[in-house]
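Accompanying notes for the structure given below.
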2 protein chains.
Amino acid sequence: MQFRRRLPSLTGLLMLEAVLRRKSFTAAAGELGVTQAAVSRQIALLEDELGQPMFLRKHRAIEPTAACLTLGSSLSQSFANIADTIEAIKASSQAVVTIGATVAFSSFWLLPRLADFRDRNPGIQIRVISQDAKIDLDSGEVDIGIRYGSPPFSDGTVIASRGDVIMPVCSPDYFRRREAGPLSARDDFIETDAVDRSWLSWTQWLAKSGATFEARPSLRFNHYTETIFAARAGQGVALGWKALVQTFLDDGTLVACDDFQLMEEGRYNVLLPLKARRTMASDLAAAWLTAMLHG
Amino acid sequence: MQFRRRLPSLTGLLMLEAVLRRKSFTAAAGELGVTQAAVSRQIALLEDELGQPMFLRKHRAIEPTAACLTLGSSLSQSFANIADTIEAIKASSQAVVTIGATVAFSSFWLLPRLADFRDRNPGIQIRVISQDAKIDLDSGEVDIGIRYGSPPFSDGTVIASRGDVIMPVCSPDYFRRREAGPLSARDDFIETDAVDRSWLSWTQWLAKSGATFEARPSLRFNHYTETIFAARAGQGVALGWKALVQTFLDDGTLVACDDFQLMEEGRYNVLLPLKARRTMASDLAAAWLTAMLHG
DNA sequence: TCCTTCGCATAAGTTTTCGTTATGTCAATT
DNA sequence: AATTGACATAACGAAAACTTATGCGAAGGA
């Protein structure tokens, strides 16, 4: 490393590359928008630093030495590499990446983490499409989709995926009020009835957990977000999907009120549309989602 | 291409790379041998050009954005690539490459072409070891060997190879003096008697060419070089190995005095010792030899 | 709480690098 | 012999880079 010590004037190298390409100091000067004298001087300086000529001066022409040709190919490769990256970054500075996810996932997982993404990726705008109906990846409307289910999917490539577990949650307040011990018929159950996704029902949960009583949900909501808000407000026990309620467990507005955790077979999947146009912005967003989901 | 338009300040990029590596403006400044203010300024300028911050300013620390990390990896790769090439070139500027070849090949083929190599590769010194005894590639004394024979060889890798043809040659002066038509017993034959290599004898040649007379060489030499000098001096007809006498055919000091050309099965081979240490200088020399031999 | 310290930011001024203008050289061409 | 085209060189001027000096804000210690 320590490139400054190991590298001669980068301006000189830039000029050498142009000279090599145009096979003439004068032509290169034109391309670079400087005078022929400037090029001549930079090349001379470079030859000085390298301890050997880079071009043989023929009559009205120059001929690059073999070492110069080697250097030239290294330079054009490297500069092209850098220039491409720079361009991608510049483009990303006004890029918008659209992510599609369900309302619950957006609200409970994605949006709370977006601040982190914006910090790490200033310049990239994120647009979130939250809808519970299955997102159409083929329409080109979203760059990245997040879908709950079991991969694979026919309309996109899964680039990241994680499973989830379900556990009963309630507010700390409610937890103190209820009688200690396992769930019982005396608890207030909050149920989610949604058409779009198989949110586990309390009946299913209790059966799998080996409970012997029947649940009589006292509150029912069409949307999982409302279920969770009700639980946080101390209105009873809800089925908490761990990935979704983790932020509330962390900040203490929800607590687990039973030790049993049921593993669900579905997974949260990050999907790229099959014919997605890849940009640096979408790559960065996809990489970030992957890291966050796995982390 | 047109890199100047596509690239921001290269100094800035160089600094960004150092900052990423040292994770601090101050540390990078130290490494670069400039003040912290200089680094701060260059990074700010760069962020301006790119239209987005590259680092988040945390308390007593900085955090690179995702785009910055991408750029950084591109930069360190590219700069390392360039720096390596530069170093190789600097090293080659006082490099000596030793080429081993027979006396005849050195004298008639290699040395006349060396000027071209030196033109194209100023800074690289060529040392030629001319000896008719088989050159020992294992000793490490030569970097590149040129050997006549049929590949493969056990002590080196053949990187280039060409066959040769044999034809009778004489000076233009002698050609005018002799009677026109095919070779005859009246011609003065110049013969090479060497222990080291099977230079074709006139007897063999005449047999293969279908001649009905016997050759009585009037001059005999131990070295092919002398044979050719004698022929150029008009002292008779010699067997010309085309690759070796080509320069004399070109400059007119020798002419073919028979249409028949005999293809020999041996070849001139450019050999790299099996355990050669490769340097840019030896690579360039090998590439040049290959090109010259094939061209 | 207040002070110190550590890193980065900013402004003004200086140095270095880069580039320009003007002119020169050289050899092929006319 | 004069012209032309391509690179070289020198002196000067402009732009970029760097320095010095100072500011700012937050963490950590007295």
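Labels below follow one simple rule: chain letters A, B, ... track the order of the sequence lines, proteins then strands, and each chain is numbered from 1.
Distance A:Glu31 CD to C:dG19 P: 14 Å, rounded to the nearest Å. Atom pair A:Leu13:CG and C:dT17:P shows a separation of 15 Å (rounding to whole Å applied). Distance A:Leu46 CG to C:dT17 P: 15 Å, rounded to the nearest Å. The separation between A:Phe25 atom CZ and C:dG19 atom P is 14 Å, rounded to whole Å. If you take CD of B:Gln36 and P of C:dG7, they are 10 Å apart, rounded to a whole angstrom. We find that CD of A:Gln42 is positioned 17 Å from P of C:dT16, with the value rounded to whole Å. One can place CG of A:Asp48 at 13 Å from P of C:dT17, the figure rounded to the nearest angstrom.
The nearest heavy atom of DNA chain D to A:Thr26 and to B:Leu45 marks one nucleotide each, and the one closer to the 5' end goes with A:Thr26.
A heavy-atom distance below 4.0 Å to DNA chain D is reached by these residues of residues 56-65 of chain B, ordered by number: B:His59, B:Arg60.
Under a cut-off of 6.0 angstrom, the local environment of CZ in A:Arg57 is crowded, with over 12 non-hydrogen atoms contributed by other residues, nucleotides or ligands.
Distances shorter than 4.0 Å separate some side-chain N or O of A:Thr35 from OP1 or OP2 on C:dT20.
Think of the region where chain A sits on DNA chain D: with heavy atoms and a 4.0 Å cut, that region ends 5' and 3' at D:dT4 to D:dC18.
Checked by atom type, the side-chain pair B:Gln246/B:Asp250 shows a donor-acceptor distance below 3.5 Å.
Among the nucleotides C:dT20, C:dA11, C:dC8, the one closest to any side-chain atom of A:Arg41 is C:dT20.
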